[in-house]
Every structure is written in structure tokens, then in C-alpha cells.
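Let me begin by presenting the structure, written as C-alpha cells, before commenting on it.
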Amino acid sequence: MMLIPTHHFRDIERKPEYLQPEKCVPPPYPGPVGTMWFIRDGCGIACAIVTWFLVLYAEFVVLFVMLIPSRDYVYSIINGIVFNLLAFLALASHCRAMLTDPGAVPKGNATKEFIESLQLKPGQVVYKCPKCCSIKPDRAHHCSVCKRCIRKMDHHCPWVNNCVGENNQKYFVLFTMYIALISLHALIMVGFHFLHCFEEDWTTYGLNRKGPAEARISLHEKLQSLKVSSTECSSFSPPTTVILLILLCFEGLLFLIFTSVMFGTQVHSICTDETGIERLKRKNQPRQRTGSWQSVKETFGGDFSLNWLNPFSRPCQPEIPSDKDLVRQVASLSDTDYTETTEDQSEGTRDEDSVEVTDE
């Protein structure tokens, strides 16, 4: 049971009818276990498609511009295996983060009958979300995009078209890590490609475009050199190759910075056992924090192993909160507290609802 201090301020919905539990619709029958989770949000779906397109573009440039035309077969095979493995793990992590239930709270369970069954005593409250009409456990927050309350919600990420919460934070962390790694790998390969082909391919192409007198001297010789060098550096013309590589550089640099920052932020949140929303709201709510190492193990699934890096292994599944975990104890209920939670209500409704059901 959670102890709530009297000075704890809450975001409330300024509509008194939302505080009436009898207005809630009874919860629907639960779906089958393992039902796929998918958010029908146009912006999120578009961002997810763009993410896949950018990864596939990088795959195309790396394979058909840099690796396949190269005559160094060992270099091509090693870098091809590494890049494709990282790209596969990144896209797999993206799918798992997008299609995994982030920890949605049962919808519509804040009914009058269910609240009465809890047999609340004086000083006890249950928190109800006025938007999805569900009783919220500790550290749950409502997402306006998913239209559900999510346990340990960190934020809603449009790039994975889902919330980052209790059940899919591991997959989101792996997604940002693998995207950062393939971006770094692509940038390194582009650098080597520029250094290797600048003199052999593109300088020959530039010499071939000089004055007509010089071109007539050894035109056949230069064309032969250009043909041999083109097959080694790229199957495309030098201008096309340069454009494709520059676009890949911009993409790799942008994604490297963005995903590295997100990865560091998520690791910091896991180690401090504090979600992004909790950090932004600056709630001084007393609670027992999990140790850094214990929090990491809970997020990634047990003791350290290669499964931490595997997007197909599930994190530790939290226990389903029991009814008693939904009830919280208020230190003292004063008139100030009533006004704080239900100031727009009538006097009679205020005394009843502030003890039984509190908006958050």
C-alpha cells in the first residue's frame, strides 16, 4: 500500500462527471494471451515506415555501392556480415518495441461495484484515470496517443509507434543501441571508401574531363583505367556514387547522434529507476527505489547473459498487481486535500469521492 503525502499535487481533469465511478463502462472480456499490440496512429505508422526505409537505404548503399563491387573479398564478407547482423537486430528490436504491449492497465475497471468491493477504509484512496476509466497502479500514466494508462511509462515514441513502458523498454534500448552501431559502422566504411577510391576512380574520371588536346593523347588508356577502377569502387558512375555516399553520411551522422542520446537517456532512467515523465514532473513522492543493478536486471531479463542483447528474449515479467496494490494510504485528508483533487465539485460529492476515488 502506497503512502501519499498531503503536499503531493496531481494533474486532474476539470470535469466533475469523470469522478463518478458509476459512469464507467464495465471492462470488456480480456483478449487471448499473446495478442499482438498495435497502435493505429497515422503519424506513428508513417515514422515507423520512414525508419525502415532509411535502414533499407543504408543497406542498399553499403551492399551495392561499397561492398559488392570491392575486390577485397575478405573486407566485403566481414563487413557485410557485421552490418547485416546489426541491421537485422535493429529491425527486430524495432518490431518488438512496436508490437509489444508496453504495460497497459486494464481499461474500464473503475466501476462502482469494483471500488465497493475494495472496502476502502478512512484515509484510503484509489486513483482513477478520467480518460480511460481505469484504476491506476503506482507509477502508471495515461498516454493520449495509445489512449491507455501504461505502467512505468517513460514516453511515447513515434519512431516505434508505441509507448516505452514496463514491458518493452528493453526492446527500445536495443533498438537505439543497434541503430547507433550500424550508423557508426556505415560512417567508418564510407570514410574508407572515400580514401580508397578518391585517387583511383574519381581522379581518373576528373582527368578524363579535361581539355580535348590532353584527352586525345591517351583517351583509350584513360578509359581503360576508368573501367577497371569503376568495377572495383562502385558499379555506379562517380557522381552518382558520391551523391549516394553523402546522403548516407548525413543519415548515419544524424541517427548516430539521436540514438546515442536516447540510449544514454534510457540507461540513465533504468539505473536511477525513474521514468522520463517522473523526471519531468519532479514528483517528490516517497517510494522505495530499486537498486541500479537490480533495475537493470529486471529490465533486460535476469542476470547478465547474451540474452540481454537478444530482442527475441523477453524481459522479466512483473507480477500482476493485486487489488490491495491499487489502494493507497493518504497521510491525512484535510479540507485542502479535498479542494486539491475535486475543487470543481459540489460539497456533497467532494466528501464522498475524495476518499473513494481520486483523479490523477
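Model, not experiment: these values are computed from the prediction.
- A donor-acceptor pair shorter than 3.5 Å can be found between the side chains of Ser313 and Lys170.
- Note that the CD atom of Glu251 and the CG atom of Leu54 stand 4.5 Å from one another [nearest 0.5 Å].
- When every heavy atom of Gln169 is checked against every heavy atom of Asp154, the shortest pair comes out as NE2-OD1, 4.4 Å.
- Side-chain N or O atoms of Asn79 include none that pairs as donor or acceptor with a backbone N or O of Val82 at under 3.5 Å.
- A donor-acceptor distance shorter than 3.5 angstrom exists from the side chain of Ser295 to the backbone of Ile270, with no hydrogens or angles considered.
- Contact check for Lys152 versus Val164: no side-chain heavy atoms found under the 4.5 Å cut-off.
- Follow the hydrophobic side-chain contacts under 4.5 Å out from Leu306 and you never reach Val296; the two are in separate clusters.
- Ring orientation note: the planes of Trp293 and Trp308 are tilted relative to one another, at an angle of 30° to 60°.
- Phe192 CZ: 12 or fewer foreign heavy atoms inside a 6.0 Å radius.
- A side-chain N or O of Trp52 and one of His94 form a donor-acceptor pair less than 3.5 Å apart.
- The structure places CD1 of Ile277 at 5.0 Å from NE2 of His141, a figure rounded to the nearest 0.5 Å.
- Applying the side chain to side chain donor-acceptor pair (under 3.5 Å) test to Ser269 and every residue at least two apart in sequence or in another chain returns Arg279.
- Residue Pro106 comes nearest to Arg148 through the heavy atom pair CA-NH2, 4.1 Å, listed as atom of the first residue, atom of the second, then distance.
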Would you please test Cys132 and His142 for side-chain contact (heavy atoms from CB on, under 4.5 Å) and show each step?
CA-CA 8 Å; Cys132 61; His142 184 86; 3.7 Å; yes
Criterion side-chain contact (heavy atoms from CB on, under 4.5 Å) on Phe258 and Phe263, from CA distance to verdict:
CA-CA 9 Å; Phe258 176 72; Phe263 175 78; over 6 Å; no
Walk me through whether Asp41 and Lys147 qualify under salt bridge (Lys or Arg N to Asp or Glu O under 4.0 Å).
CA-CA 11 Å; Asp41 175 56; Lys147 296 179 174 56; over 6 Å; no
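- A heavy-atom distance below 4.5 Å is found between the side chains of Ile182 and Ile179.
- Using cut-offs of 30° and 60° for the angle between ring planes, the Phe175 and Phe172 rings count as tilted.
- Cys143 and Ile150 make their closest contact through CB-CG1, 4.5 Å (heavy atoms, listed as atom of the first residue, atom of the second, distance).
- Here Cys133 contributes atom SG and Lys107 contributes atom NZ; the two are 9.5 Å apart, rounded to the nearest 0.5 Å.
- A pairwise comparison of heavy atoms in Tyr171 and Ala97 identifies CB-N, 3.7 Å as the closest pair.
- The shortest distance between side-chain heavy atoms of Pro137 and Val105 falls below 4.5 Å.
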Between Arg139 and Asp273, does a side-chain contact (heavy atoms from CB on, under 4.5 Å) hold up when you go through it step by step?
CA-CA 11 Å; Arg139 305 183 69 186; Asp273 193 24; 3.1 Å; yes
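- In this structure, Phe255 and Ser260 have side chains that are not in contact, with every pair of non-hydrogen atoms separated by 4.5 Å or more.
- With contacts defined as side-chain heavy-atom distances shorter than 4.5 Å, the pair Cys157/Asn162 does not qualify.
- Here the options are Leu256, Leu254, Ile257, the test is side chain to side chain contact (heavy atoms under 4.5 Å, CB included), and the partner is Ser183; only Leu256 passes.
- Looking at heavy atoms from C-beta onward, Tyr178 lies in side-chain contact with Leu309 at the 4.5 angstrom threshold.
- When the side chain to side chain donor-acceptor pair (under 3.5 Å) test is applied to Thr240, the partners found at least two apart in sequence or on another chain are Ser237.
- Taking each heavy atom of Met153 and His156 in turn, the nearest pair found is CE-N, 4.0 Å.
- Proximity of a side-chain donor or acceptor of Asn161 to a complementary backbone N or O of Met98 within less than 3.5 Å is not detected.
- Side-chain contact between Met66 and Leu248 is present, with at least one heavy-atom pair separated by less than 4.5 Å.
- Taking all atoms of both residues into account, the shortest heavy-atom contact from Val65 to His193 is O-CE1, 3.6 Å.
- A donor-acceptor pair under 3.5 Å is absent between the side-chain atoms of Thr100 and the main chain of Pro102, judged by distance alone.
- Remark: the backbone N or O of Lys136 is not paired with any side-chain donor or acceptor of Ser134 at under 3.5 angstrom.
- In this structure, Leu89 and Pro311 have side chains that are in contact, with non-hydrogen atoms separated by less than 4.5 Å.
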Between Arg151 and Glu166, is the salt bridge (Lys or Arg N to Asp or Glu O under 4.0 Å) condition met? List the steps.
CA-CA 6 Å; Arg151 294 192 300 269; Glu166 189 174 57; 2.8 Å; yes
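- Note that CG of Leu85 and NE2 of His185 are 11.0 Å apart. Values are rounded to the nearest 0.5 Å.
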Derivation of the side-chain contact (heavy atoms from CB on, under 4.5 Å) call for Phe236 and Thr241
CA-CA 6 Å; Phe236 298 91; Thr241 301; 3.6 Å; yes
